[in-house]
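By convention in this document, chain letters (A, B, ...) are assigned in the order of the sequence lines, proteins followed by strands, and residues within each chain are numbered from 1.
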There are 2 protein chains.
Amino acid sequence: MTARRIGTETSKTRAALLDAAERLMVDGGYAAVTSRRVAAEAGVKPALVHYYFRTMDDLFLALYRRGAQRGLERQEMVLQSPQPLWALWDFSREPYGTNLTMEFVALANHRKEIRAEITASAERFRSRQVEALSGILAGYDLDSDDWPPVVIAVLMSSVARFLVIEAETLEMSTGHDDTVAVVERLLRRLEGDRAPTA
Amino acid sequence: MTARRIGTETSKTRAALLDAAERLMVDGGYAAVTSRRVAAEAGVKPALVHYYFRTMDDLFLALYRRGAQRGLERQEMVLQSPQPLWALWDFSREPYGTNLTMEFVALANHRKEIRAEITASAERFRSRQVEALSGILAGYDLDSDDWPPVVIAVLMSSVARFLVIEAETLEMSTGHDDTVAVVERLLRRLEGDRAPTA
DNA sequence: GTCTATACTTCGATAGAC
DNA sequence: GTCTATCGAAGTATAGAC
């Protein structure tokens with residue numbers, strides 16, 4: 001009963017397996033991520049998946065951690081941009097990240113071991129947003145008693161993500177343009193016109 | 001190659017199978033809904049599942065239709081209540097329906113045949129909300145140019161559902177109380193204090 | 001590090017007896 | 001209407017050769 005061998009975290013193959021898993025997850029949902037399919041997608045044999053990840057849950061965990069890390073770094077840049085509210089709004093409306101995140105949330109619903117990781121990460125995203133928004137909104141024309149930073153964070157996230165899910169997953173768009181217009185009217189009031197993208 | 005036999009839609013056993021499937025879906029996610037498990041949960045043998053539902057997709061579809069029908073009926077009552085905004089807000093925040101819906105949305109992500117049904121149903125929910133809100137908001141102190149009924153519908157749905165997902169699935173609550181307070185302050189302004197529940 | 005081979009489980013679905 | 005019995009496919013995971 002010697003310890004199972006396990007691949008190094010810096011392996012190129014390991015990264016390729018995570019890439020393959022992410023592709024499968026994005027366009028097939030978490031149920032499409034099986035050891036056989038990940039292997040096939042990466043062009044290797046199934047046993048190799050279990051060499052790098054002891055269980056499929058380990059793979060999901062590693063995949064989520066990698067994505068969350070990247071997301072946190074991008075959010076940091078977003079919050080430090082010249083128009084942080086506009087940038088955060090655009091960032092939250094990106095389909096790719098939202099779809100992946102929602103798939104992980106669905107997964108968390110019945111993979112208890114993964115939920116803790118996702119929750120902790122979601123808290124990290126939020127608390128950084130709140131921290132940054134506190135400074136940002138202080139300089140804007142907004143009563144922070146009526147609209148605390150944490151509420152702005154929750155509202156922006158929820159509307160952005162909801163619109164993405166409806167548009168991307170359900171291909172539904174009733175009311176989307178009108179809602180975006182209302183939100184962006186508020187953003188304009190606080191932060192001025194959106195600067196033209198570089 | 002005679003046509004497969006299929007059970008009647010009014011069968012009690014069929015309803016019991018749907019009940020079992022719904023229970024499994026709520027606390028284990030759609031991946032937990034397998035013919036064998038549904039049968040076990042309902043106390044019958046797996047072959048019976050395929051007697052009432054030719055494929056598992058048929059079962060999912062039937063389950064979704066039943067829930068959507070019930071939901072639409074409940075929403076109708078909600079929209080006709082004395083404080084429709086409050087009632088819609090409470091309705092949208094119910095965890096059970098939201099969890100089930102989100103699980104179906106996740107399923108729709110990779111079961112193309114089911115997506116159309118969910119999208120059509122979501123459109124039906126929304127359009128009834130918009131129709132009702134148009135009448136309701138006309139009597140309230142709200143500029144419908146700035147806040148069209150469809151926007152109110154989208155905003156309420158998105159915030160309500162998002163809070164439920166975070167609270168129920170992720171067991172996360174940062175900012176929730178504050179956000180609920182802000183929303184309910186607006187509801188109070190439009191519709192007065194929430195009437196005590198009967 | 002990657003493979004072959006394999007054990008074991010669970011799944012969807014069907015045929016046919018009762 | 002419900003069951004037994006069964007097929008073939010696909011899943012996770014491991015042992016051990018190369």
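A salt bridge is absent between B:R70 and B:E73: the closest approach of a Lys/Arg side-chain nitrogen to an acidic carboxylate oxygen does not fall below 4.0 angstrom.
As a whole-Å value, the separation of B:L17 CG from D:dC3 P is 10 Å. For the pair A:I6 CD1 and D:dA15 P, the computed distance is 13 Å after rounding to whole Å. Distance B:Y30 OH to C:dG12 P: 13 Å, rounded to the nearest Å. Put simply, CE on A:M56 is 16 Å from C1' on C:dT9, counting in whole angstrom units.
At a threshold of 4.0 angstrom between heavy atoms, the contacts of B:R14 with the nucleic acid are absent. Counting non-hydrogen atoms under 4.0 angstrom, A:V44 reaches the backbone sugars and phosphates but no base.
Taking only side-chain atoms of A:K45, from C-beta outward, the nucleotide of C:dA13, D:dG11, C:dT4 with the closest atom is C:dT4. For A:T34, the side-chain atoms get nearest to D:dG11 when compared with the rest of C:dG1, D:dG11, C:dA17. In the set D:dT6, D:dG1, D:dT12, the nucleotide with an atom closest to the side chain of B:R36 is D:dT6. Between D:dA13, C:dT14, C:dG1, one nucleotide has an atom nearer to the side chain of B:H50 than all others, and that is C:dT14. Closest to the A:L48 side chain, of the nucleotides C:dT2, D:dG1, D:dA13, is C:dT2. Which of D:dC3, D:dA15, D:dG11 sits closest to the side chain of A:R37 comes down to D:dG11.
When each of A:A32 and A:Y51 is assigned the nucleotide of DNA chain D with its nearest heavy atom, A:A32 is the one assigned upstream, toward the 5' end. Comparing B:F53 and A:S11 by the nucleotide of DNA chain C that holds the closest heavy atom to each, the one mapping nearer the 5' end is A:S11. Mapped onto DNA chain C by nearest heavy atom, B:R5 and B:V33 fall at different nucleotides, with B:V33 at the one closer to the 5' end.
Distances shorter than 4.0 Å separate none of the side-chain N or O atoms of A:R54 from OP1 or OP2 on D:dT12. Phosphate contact (OP1/OP2 of D:dG1, side-chain N/O of B:T13, threshold under 4.0 Å): absent. At C:dG12, one or more side-chain N or O atoms of B:S35 fall inside 4.0 Å of OP1 or OP2 (strictly under the cut-off).
Under a 3.5 Å cut-off, the side chain of B:R5 and the backbone N or O of B:Y51 do not form any donor-acceptor pair.
Judged by a 6.0 Å distance limit and a 45° cone about the ring axis, B:R93 is not positioned over the six-membered ring of B:W86.
Scanning all heavy atoms of the two residues, the minimum distance from A:V154 to B:T174 falls at CG2-O, 4.1 Å.
Not less than 6.0 angstrom separates the ring centroid of A:H176 from the ring centroid of A:F162.
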